[in-house]
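Below is one structure, written out as structure tokens; comments come after it.
Just so you know, these numbers come straight off a predicted model, no measurement behind them. Both backbone and side-chain heavy atoms feed into the values below; hydrogens, waters and symmetry mates do not.
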Amino acid sequence: MHALDNAGNRERVEAFRRKQLIEHGLLEPAAGQFRRPAERPVTRAHRDEVTVLFGGLTFAHEELIEAGMRGLGYKVKHLPTPTRFDCQTGKEYCNPGQCNPNYFTVGALINFLRRVQEQEGLTASQIAERYAQMTAGSCGPCRFGMYESEYRLALANAGFPDFRVLVFQQGAGLKQIREGSAIEFNVQFFLTFLNALFVADCLNGMACQIRPYEVVPGRTNEVIAECLALCARAMSEKSYDIKPGPLARLCSLFTAGYDAHDAARFLDQIRSDWYVNVLRRCAGLLDEKVEVDYARVKPKVKVIGEFWAMTTEGDGNYRIFEFLEQENAEAIVEPVAGWIDYMLHQAILNRTDRRGLPADMQIRDRYGLRDRLDAWKAHGRIMILLRLAQWMLRHEYDRLRGAMGGFIPRLPVQRHLRNLARPYMNPRAAGGEGHLEVAKTIYYAKKKLSHMLLSVKPFTCMPSTQSDGAQAAVVAHHPEAIFLPVETGAEGEVNAYSRVQMALGEAKMRCKTEFAEALRRGGFSLEQIREYIAEHPDLRRPLQRVPVQEGVVGRAANFVLHVARRMQHDHAWRQRGAGRRLQETVRGEAAG
């Protein structure tokens, strides 16, 4: 009897010991094959019943995506901008060791569902029937490739095990149709999605460049909100019911996987002025309702880094754009279009590396001449589509920025960025922004497009950590660059602000020195320039064309040089000025 008891005790002790070793990472549990859990689909029949949630971008991007998706007949709603409380919720229910964008976005979803549960009195099962989440997927080497599984795990841990997650893959093309799915990831979906991103890029870029110089505080945000409403209406009213013509039918013969209706939609995209016209109206509103003072001296700060951290407007990056403006700086935002351009460029690069190889490497031993010819033909078709996609992206982005007076900078050429980064980082390094952080630092420093570069990234972001290692050599070879990397988390805000302020101090000194040199070159005092501006209302318009002088970075320095040239060629003004000075001299002598 005692022997049996001792044996049972030994088994229990051994089981407890094994459990403790596994929990402390001293013993690996038995490995099992991971299989994606089966999930109830959101079918087309449920399209009117299920609200699809999404988030992770700026407010303008999400508003326009929501409007566009509603125009296609979907019930969608964007989540609120994630807060620090959302991050804590994400940490509570996700695996440890994830990056902050995961915690923020997952926590925002869980807290939203809990608010719905509390306000509407719904059960978890009812919420799972009425809502679903849409997110982008990836198989990249960083933690972003795990987001889908983290969403599912956290939702199950939070009490929503049946909640559905819809995923479209970043690199799977414009047609990812699943039979009977409520969301059809087709050409209409992606054209609407991309147009919403590009229009929002233009509005955000305009707001960040105008707001630091507005004469009436808050006026820019008011007009941008009005513009956003106009663009949202245009997004929701856009129709993709286009009858294909002869050209569309001809184009469809050379684009495998896309029929004549798809080709007609692409042709309509590059021919139509639907979004161009609405942005022209927005430009008119800004010029009419906002008054600026571009003679204010403010350093330009280019914000780069990890995609989500440099895009979000909330606690995820310490509200860095708002902070920079409070510190009398002009923030230059990175457009989402640049990220899409980078992904297309990387796809072209990867396809170039694989040309002539079979799609299935297991058949390479019996790879004959016919197979090689077929592989080259398939490679040529795909490369044509990728090149067309890249040309179309840049063409459409340039048309939209042109509608705003060309005030938004052009997208850098990806091939040029790749060549700039090559000495410091392999352009084929995948994950996050890859070589882009290094390339942007060199690009903005060499071309003198900003006084300072601020790289924001989540704490322990693997791709950005690699970039930071290479940035040490970049800064050593380009001492003119003021580069500051900042890791963001749920805490550490005060420390981050302090570091930014110290780097901004040097940027402000450079900006002021540059402005003083511009005044000297212009030949007029600041008082004379302001007097001239007061007499010419067109110089107070936000979208006026101000030529950028070679080697001059600051908006104020370029502006006073521009005004000084106008003053030199304005003979009527100079005569009036001479007349005023003569009258003042006569009055002074009479008084004497």
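- Partners of F54 under the ring pair (Phe, Tyr, Trp, His ring centres under 6.0 Å) rule, at least two apart in sequence or in another chain, do not exist in this structure.
- Judged by distance alone, the side chain of E313 and the main-chain N or O of F59 form a donor-acceptor pair under 3.5 Å.
- Between the side chain of Q88 and the main chain of F85, no donor-acceptor pair closer than 3.5 Å is present.
- Between the side chain of S450 and the backbone N or O of L453 there is no donor-acceptor pair closer than 3.5 Å.
- In this structure, Q544 contributes its side chain and R541 its backbone to a donor-acceptor pair below 3.5 Å.
- Applying the side-chain hydrogen bond (donor to acceptor under 3.5 Å, both in side chains) criterion to E433, with sequence neighbours excluded, gives K440.
- Identified under the salt bridge (charged side-chain N to carboxylate O under 4.0 Å, His left out) test for residues 67-80, with sequence neighbours left out: E66-R70.
- Between R401 and D201, none of the side-chain N atoms (NZ, or NE/NH1/NH2) sits under 4.0 Å from a carboxylate O, so this pair counts as no salt bridge.
- Using modelled atom types and a 3.5 Å distance limit, the side chains of K91 and T89 yield no donor-acceptor pair.
- With sequence neighbours excluded, the residues forming a side chain to side chain contact (heavy atoms under 4.5 Å, CB included) with T81 are T312, listed by chain and number.
- Under the 3.5 Å distance criterion, with hydrogens and angles disregarded, no donor-acceptor pair is assigned to the side chains of D315 and T83.
- Shown here are the side-chain hydrogen bond (donor to acceptor under 3.5 Å, both in side chains) partners of E226, two or more places apart in sequence or in another chain: K289.
- The pair R211-E330 does not meet the salt-bridge criterion, since no charged nitrogen lies less than 4.0 angstrom from a carboxylate oxygen.
- Side-chain atoms of Y103 come within 3.5 Å of backbone N or O of Q98 as a donor-acceptor pair.
- For N157 and E92, the side-chain atoms include no donor-acceptor pair closer than 3.5 Å.
- Scanning for side-chain hydrogen bond (donor to acceptor under 3.5 Å, both in side chains) contacts around R415 gives an empty result, with sequence neighbours left out.
- Using a 3.5 Å distance cut-off with no hydrogens or angles, the side chains of T488 and N317 do not pair a donor with an acceptor.
- Contacts of S272 classified as side chain to side chain contact (heavy atoms under 4.5 Å, CB included), with partners at least two apart in sequence or in another chain: K238, D268, W274.
- Taking a cutoff of 4.0 Å between a charged side-chain nitrogen and a carboxylate oxygen, R540 and E291 qualify as a salt bridge.
- Partners of A200 by side chain to side chain contact (heavy atoms under 4.5 Å, CB included), not counting sequence neighbours, listed by chain and number: A60, H61, L64.
- Residues passing the side chain to side chain contact (heavy atoms under 4.5 Å, CB included) test with R280 are V276, N277, A403, sequence neighbours excluded.
- Side-chain N/O atoms of R428 and Q346 include no donor and acceptor closer than 3.5 Å.
- By the ring pair (Phe, Tyr, Trp, His ring centres under 6.0 Å) test, H435 is found to be paired with Y342, residues two or more places apart in sequence or in another chain being considered.
- Every residue two or more places apart in sequence or in another chain was checked for a ring pair (Phe, Tyr, Trp, His ring centres under 6.0 Å) with Y240, and none qualifies.
- Looking only at side-chain heavy atoms (C-beta outward), V336 and F307 come within less than 4.5 Å of each other.
- Between W391 and H395, the two ring planes are parallel [angle under 30°; tilted spans 30° to 60°].
- Using a 4.0 Å cut-off between a side-chain N of Lys or Arg and a carboxylate O of Asp or Glu, D398 and R410 qualify as a salt bridge.
- With hydrogens and angles ignored, the 3.5 Å screen pairs no side-chain donor or acceptor of Q390 with any backbone N or O of L344.
- Counting only distance, with no hydrogens or angles, the side chain of E120 and the backbone of L122 share no donor-acceptor pair below 3.5 Å.
- Remark: R281 engages no residue in a side-chain hydrogen bond (donor to acceptor under 3.5 Å, both in side chains) (not counting sequence neighbours).
- E62 places a side-chain N or O within 3.5 Å of a backbone atom of G56 that can act as its donor or acceptor partner.
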